[in-house]
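Remember, predicted model here, so these are calculated numbers, not experimental data.
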Amino acid sequence: MPINDSFLQELRYKTDIEDIISTYVTLRKRGSTLTGLCPFHNEKTPSFTVYPETQSFYCFGCGAGGDAVTFIRKIENLDYTDAVRALAERAGMQMPSDGFDDSLSKRRRRILEANRQAAKFFNSRLMSEDGQMALSYYLNRGLSKKTITKFGLGFAPNGWRELTKALKAQGFSESELVEAGLARRSDKGCYDNFRNRVMTPIIDVYGNVIAFGGRVLDDSKPKYINTGDTLAYKKTNELFGLNFAKDSGKRTLILCEGYMDVIAMHQAGFTNAVAGCGTALTSEQVRLISRYADEVILAYDADEAGQKAVEKAIQLFKQTSLKIRVPALQYGKDPDEIIKNVGAEKFGAMLEGAASDLEFKILEIRKKHNLNLTQGKIDFVNDIVKLLADVSPVEKDLYVSRLSEELGIDKRNLSAQLDDYVRKNARSKKRAEYKKVVNDSIRDNAKISYDSGSSVKKLKAEERLIFLLIKYPDCYKILNGFSPDVLTQGFTRKIFDLVCENIRSGIAVDLINFGDKLTVDETGRFSGILARGKESADPKREFTDCLNVITSEHGKKNDKTASVLDDDEFRKAFGNT
C-alpha cells in the first residue's frame with residue numbers, strides 16, 4: 001500500500017524544493033522561477049527550472065522533472081520510499097510504521113547491512129594470522145596501518161564459503177547475499193564471490209558500504225573482481241574516495257584511475273583525490289564531481305591508455321562549467337608510483353603546475369607534427385585553428401600571439417586563417433543544427449502519433465486538458481458525460497485517471513501524491529505538462545474546447561502521417577532556426 005496522503009501532505013509543507021535542489025545546483029532567480037544547469041545531463045546553457053509555486057522542477061533539455069521526492073530519487077539513485085525517508089529525516093518527521101509497501105527499500109537496506117558486516121569480516125581476517133600475506137601486500141605498497149584502517153581494507157580468505165557461513169550465522173539468507181553480490185549460486189549451493197583477494201570497500205557519501213573491489217595476490221585470473229550493479233550500487237554513478245574528498249575543504253577534486261592511487265594520495269595528504277568506479281568515466285560521475293567541485297585535475301596514468309582516457313574525460317567535462325587542468329606526470333606511470341619515487345612534495349608541484357585542458361590539447365597536437373618542416377608547421381596550424389575556434393576572444397588573441405612568435409608566422413595571417421575557419425564552421429554548424437531540429441521534430445511527432453494512434457492535435461488538446469484540470473479543479477464538473485475511453489491510452493489516460501481520482505477524493509493534486517504511482521520517467525512527463533502550461537483567461541471555456549477537439553479527433557479515421565509538420569509549418573510554429 002502507498003504511504004498515506006496526510007503524511008505526504010505534511011512532508012510537502014515542511015519541504016522547500018528550492019532548499020533541497022540548491023544544495024546540488026546553483027540556482028538563479030528569473031521572475032517567479034529559478035534556473036540552473038541541469039544535474040541530470042551535461043549542458044552549458046541552463047535549461048533546468050524550479051517552480052516554487054508548484055514545488056516542482058523541469059528540465060527543458062532532457063525532460064527530467066518532478067517534485068522534491070523525484071529529485072532526490074534521481075540524484076541519489078534511491079527508490080521512492082528511501083527518497084521519502086531521506087526528506088522526512090531532513091524535515092524531522094518520523095516515517096509511518098505501516099500503510100505502505102517497503103519491500104524494495106528493505107531489500108536495499110539489507111544489502112547495505114550485509115555489505116557493512118562483510119567489510120568488518122574482511123578487515124578482521126586481514127588482521128588475523130591467515131591474512132598476513134595480504135597485510136604484507138598492503139604494507140609493501142607503502143600503506144600505513146592507519147591508512148588501512150581508514151579505508152577499511154581487508155582480505156577475503158581462500159575458503160569457498162567462509163563469508164557466506166559468517167553472514168548466514170548473523171541472520172542473512174543466501175538470497176540476500178546473492179542479491180548483494182557477496183555470494184554466487186551453483187548446483188552445490190552458495191559460495192563466496194570473493195576468495196583469496198585483498199578487498200577494498202566502496203563507500204558512498206553517506207558512509208554506506210555499497211560495493212567491493214577485490215584484487216588477487218598472485219598472477220591468477222581474473223586479476224580484479226568487482227561488485228556488479230545491485231539495488232544499492234550502480235558503478236556508473238559512484239566515485240571511490242568521495243566520502244572523504246567531500247570533506248577536504250577544497251573545491252578542487254583530483255581524479256585518477258585506480259583505488260590504490262586514491263588511497264596513496266590521501267595518505268600523502270592529497271585528501272581531495274577520487275577515482276571512477278568502472279573502467280571508463282561516465283557522464284553521471286562527471287555530474288557528481290560538479291556537485292562537489294569547481295575544478296577537476298585529471299591525474300590519469302602517464303601511459304598511452306591513460307592519456308587517451310584524459311582526452312575522453314575532457315570531452316565529458318567540457319559539457320560542464322568545471323575548470324579542467326591536466327598535469328604532466330613524470331617519474332612514474334601513476335600517482336601511487338610517482339609519490340613512492342619522488343615524494344609528495346614533487347608530486348604536489350606537478351599538480352600545481354597542471355596545464356589547462358586547452359594547453360594539454362595543444363601539446364598533444366604538437367607531438368603529432370614536425371615543426372622543423374614547413375609542411376609540419378602548416379598541418380600544425382590547420383589543427384590548431386580548429387581547436388581555437390571555440391575559445392574566448394581573449395584566449396584566441398593570447399594563443400595566436402604566442403604561436404605567431406613561436407612559429408615565425410605573421411600574427412595577421414594566423415588571425416585571418418582562424419577567422420575564416422570560424423565563419424565557415426559557424427555556417428555549416430547552423431545548417432546542421434536547423435536540419436537536426438526539423439528532423440527531430442518530424443521524427444518525434446511521427447513516432448508519438450504512430451505509437452499512440454492519435455494525431456498531434458489531439459495529443460496537444462489532451463495535455464492542455466490535463467493542465468487545466470490540475471490548475472482549475474472546478475473543470476472536473478464539466479466532465480459529466482465525457483468518456484475517458486476516447487483519450488490516448490497509456491500515459492495520458494493514466495494521468496487523467498489519477499488526477500480525477502484525487503479530485504473526487506478531495507486530495508490535493510500535487511506531484512508528491514503521485515510519486516508512488518508513477519515511474520521517474522512518467523513523473524518527468526507529468527512535470528513537463530505543468531512546466532509548459534499557461535494560465536487561462538477562461539479555463540472552463542477552454543476546457544470544453546479541448547474536450548470537443550479530443551472527441552472530434554478520436555472520431556476521425558487514424559492517419560499516421562497527417563500530424564507531421566513539414567518544413568514551412570515547422571518554421572511558422574517554432575521560428576526560423
Side-chain angles (χ1 to χ4, degrees), residues 20-28 30 34-50 57-65 71-72 74-77 204-205 234-242 245-246 248-257 262 272-300 306-327 351 354-362 364 386-392 394-395 429 433 524:
I20 298 296
I21 294 180
S22 62
T23 62
Y24 301 88
V25 179
T26 300
L27 298 173
R28 291 180 173 81
R30 191 177 69 183
L34 302 111
T35 61
L37 294 174
C38 181
F40 305 120
H41 81 287
N42 296 327
E43 63 176 7
K44 289 186 175 181
T45 303
S47 59
F48 182 86
T49 307
V50 177
F57 73 93
Y58 186 70
C59 176
F60 289 89
C62 68
F71 183 85
I72 292 298
K74 285 181 68 67
I75 204 154
E76 297 293 354
N77 192 31
D204 68 14
V205 292
K234 189 175 182 182
K235 66 183 178 182
T236 56
N237 293 348
E238 303 296 339
L239 291 166
F240 177 75
L242 186 59
K246 69 180 177 63
S248 66
K250 300 176 182 178
R251 289 294 295 177
T252 296
L253 288 179
I254 306 168
L255 180 63
C256 46
E257 289 190 58
V262 172
N272 54 334
V274 297
C277 297
T279 55
L281 187 68
T282 67
S283 56
E284 291 88 355
Q285 290 164 344
V286 167
R287 290 195 290 273
L288 183 57
I289 288 172
S290 67
R291 282 167 47 191
Y292 292 94
D294 302 316
E295 177 185 64
V296 60
I297 298 175
L298 302 178
Y300 280 23
Q307 294 311 291
K308 286 183 178 179
V310 168
E311 293 180 12
K312 292 179 180 178
I314 287 174
Q315 294 307 311
L316 286 173
F317 281 112
K318 289 294 280 185
Q319 304 302 313
T320 73
S321 58
L322 282 169
K323 181 180 178 183
I324 312 161
R325 293 199 292 140
V326 185
L351 298 182
S356 68
D357 59 302
L358 186 59
E359 291 276 3
F360 170 78
K361 289 181 178 179
I362 289 175
E364 291 299 299
K386 297 174 185 177
L387 184 63
L388 297 181
D390 294 325
V391 304
S392 70
V394 172
E395 285 180 300
K429 186 183 291 186
E433 287 176 352

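- A donor-acceptor pair under 3.5 Å is formed between the side chain of Thr282 and the backbone N or O of Thr236.
- Proximity of a side-chain donor or acceptor of Arg291 to a complementary backbone N or O of Tyr24 within less than 3.5 Å is not detected.
- With values rounded to the nearest 0.5 angstrom, Phe317 atom CZ is found 8.5 Å from Ser290 atom OG.
- Distance check, rounded to the nearest 0.5 Å: CG of Leu37 to OG1 of Thr26 gives 8.0 Å.
- Phe71 places none of its side-chain heavy atoms less than 4.5 Å from the side chain of Val50.
- Side-chain atoms of Asp294 do not come within 3.5 Å of backbone N or O of Arg251 as any donor-acceptor pair.
- In this structure, the side chain of Gln285 engages the main chain of Glu238 through a donor-acceptor pair within 3.5 Å.
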Step by step, would you call Val274 with Tyr292 a side chain to side chain contact (heavy atoms under 4.5 Å, CB included)?
-> CA-CA 11 Å; Val274 297; Tyr292 292 94; over 6 Å; no
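- Few gaps surround NZ on Lys246; more than 12 heavy atoms of other groups in view lie less than 6.0 Å from it.
- Separation of atoms CD1 (Ile21) and CZ (Phe57) is listed at 6.0 Å; rounding is to 0.5 Å.
- Separating the CD atom in Glu257 from the OG1 atom in Thr279 is a distance of 10.5 Å, to the nearest 0.5 Å.
- Between the side chain of Arg287 and the backbone N or O of Thr320 there is no donor-acceptor pair closer than 3.5 Å.
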